[in-house]
Amino acid sequence: MILSDTYFMQKALQEAQIAFEQGEVPVGAVITIGERIIAKAHNLTEKLTDVTAHAEMQAITAASEYLGGKYLMDCTLYVTLEPCVMCAGALYWSQIGRLVYGATDSKRGYHLFGNLLHPKTQVVQGVLEEPCSQIVKDFFLQRRL
């Protein structure tokens, strides 16, 4: 069975839902190698009181630990929201092979600053864009009530 980008983005959305329920900005991420998930993560900035504890950063750390090395050339990161500049920099240094994200971040996304990813990183955007965008909107709407 060949698993699709949609399947893995749904897994990332499950992580975003966990973040939502914990009062974190609802961003979720999974890293795969082939069709195997090797890391799952969500934002932990509030829980850890650490501005760098983004879902992508947590997933990169977990995947590197799992693989026993810092390079993720054969891996794909699925993340519900376009990475910020900090996370794009970490993805550059990890040499992630592929980045798949759901919603574009029009205020803080890395694309606002040009391509900050490794030149060999393939990018797919807009996978499950609507639910990925909606969970963030719902979170901030709830916060304003």
Side-chain angles (χ1 to χ4, degrees), residues 1-140:
M1 175 177 160
I2 297 176
L3 301 175
S4 67
D5 287 346
T6 300
Y7 172 84
F8 291 114
M9 189 61 73
Q10 288 169 335
K11 298 297 184 187
L13 267 167
Q14 290 172 359
E15 288 294 315
Q17 184 61 42
I18 293 168
F20 186 101
E21 292 165 4
Q22 293 177 353
E24 300 276 358
V25 175
V27 177
V30 298
I31 294 181
T32 64
I33 189 162
E35 293 190 346
R36 183 170 24 123
I37 294 174
I38 62 169
K40 295 190 292 188
H42 53 271
N43 274 357
L44 291 171
T45 59
E46 299 299 325
K47 180 179 181 179
L48 300 178
T49 58
D50 179 357
V51 296
T52 68
H54 290 192
E56 300 95 321
M57 302 295 274
Q58 301 299 309
I60 290 167
T61 299
S64 295
E65 186 175 312
Y66 178 87
L67 293 173
K70 61 185 178 178
Y71 296 117
L72 305 177
M73 296 169 286
D74 297 325
C75 297
T76 299
L77 168 67
Y78 294 87
V79 62
T80 57
L81 185 65
E82 176 186 358
C84 70
V85 172
M86 173 185 70
C87 293
L91 292 168
Y92 175 93
W93 291 111
S94 75
Q95 298 182 25
I96 194 85
R98 194 163 171 259
L99 166 65
V100 179
Y101 66 87
T104 298
D105 186 341
S106 60
K107 293 182 181 176
R108 293 179 188 87
Y110 79 89
H111 82 275
L112 298 169
F113 303 92
N115 185 15
L116 304 176
L117 302 172
H118 193 276
K120 292 183 180 177
T121 300
Q122 298 172 357
V123 179
V124 176
Q125 61 188 47
V127 175
L128 295 180
E129 183 172 12
E130 179 55 33
C132 290
S133 177
Q134 193 62 51
I135 194 170
V136 175
K137 289 176 187 172
D138 290 348
F139 176 80
F140 286 108

ask   = What are the two closest heavy atoms between H54 and C87, and how far apart are they?
value = ND1-SG, 3.4 Å

ask   = Less than 4.5 Å apart, any side-chain heavy atom of L67 and any of C75?
value = yes

task = Start with the C-alpha distance between N115 and Y110, add both sets of side-chain angles, then the distance that settles side-chain contact (heavy atoms from CB on, under 4.5 Å), and finish with yes or no.
result = CA-CA 7 Å; N115 185 15; Y110 79 89; 4.0 Å; yes

task = Please identify each residue that fulfils ring pair (Phe, Tyr, Trp, His ring centres under 6.0 Å) with Y92, with sequence neighbours left out.
result = H118

ask   = Sub-3.5 Å donor-acceptor pair from the side chain of E24 to the main-chain atoms of T45, do we have one?
value = yes

Inter- and intrachain pairs under salt bridge (charged side-chain N to carboxylate O under 4.0 Å, His left out), touching residues 4-20, at least two apart = D5-R98

inquiry  = Tell me the closest heavy-atom pair linking A39 and A62, and the distance in Å.
reply    = CB-CB, 3.8 Å

Spatial distance of atom CD1 (I96) from atom CG (L72) [nearest 0.5 Å] = 4.5 Å

note = Between P26 and A16 the two heavy atoms that sit nearest each other are CB-O, 3.4 Å

query = Considering residues at least two apart in sequence or located in another chain, which fulfil the ring pair (Phe, Tyr, Trp, His ring centres under 6.0 Å) criterion with Y78?
reply = F8

query = So with a 6.0 Å cut-off around CD of E65, is the heavy-atom count from everything else above 12?
reply = no

inquiry  = Pairing donors with acceptors under 3.5 angstrom, does anything connect the side chains of Q14 and Q10?
reply    = no

ask   = In terms of side-chain heavy atoms, does Q22 have a donor or acceptor partner in H42 at a distance below 3.5 Å?
value = yes

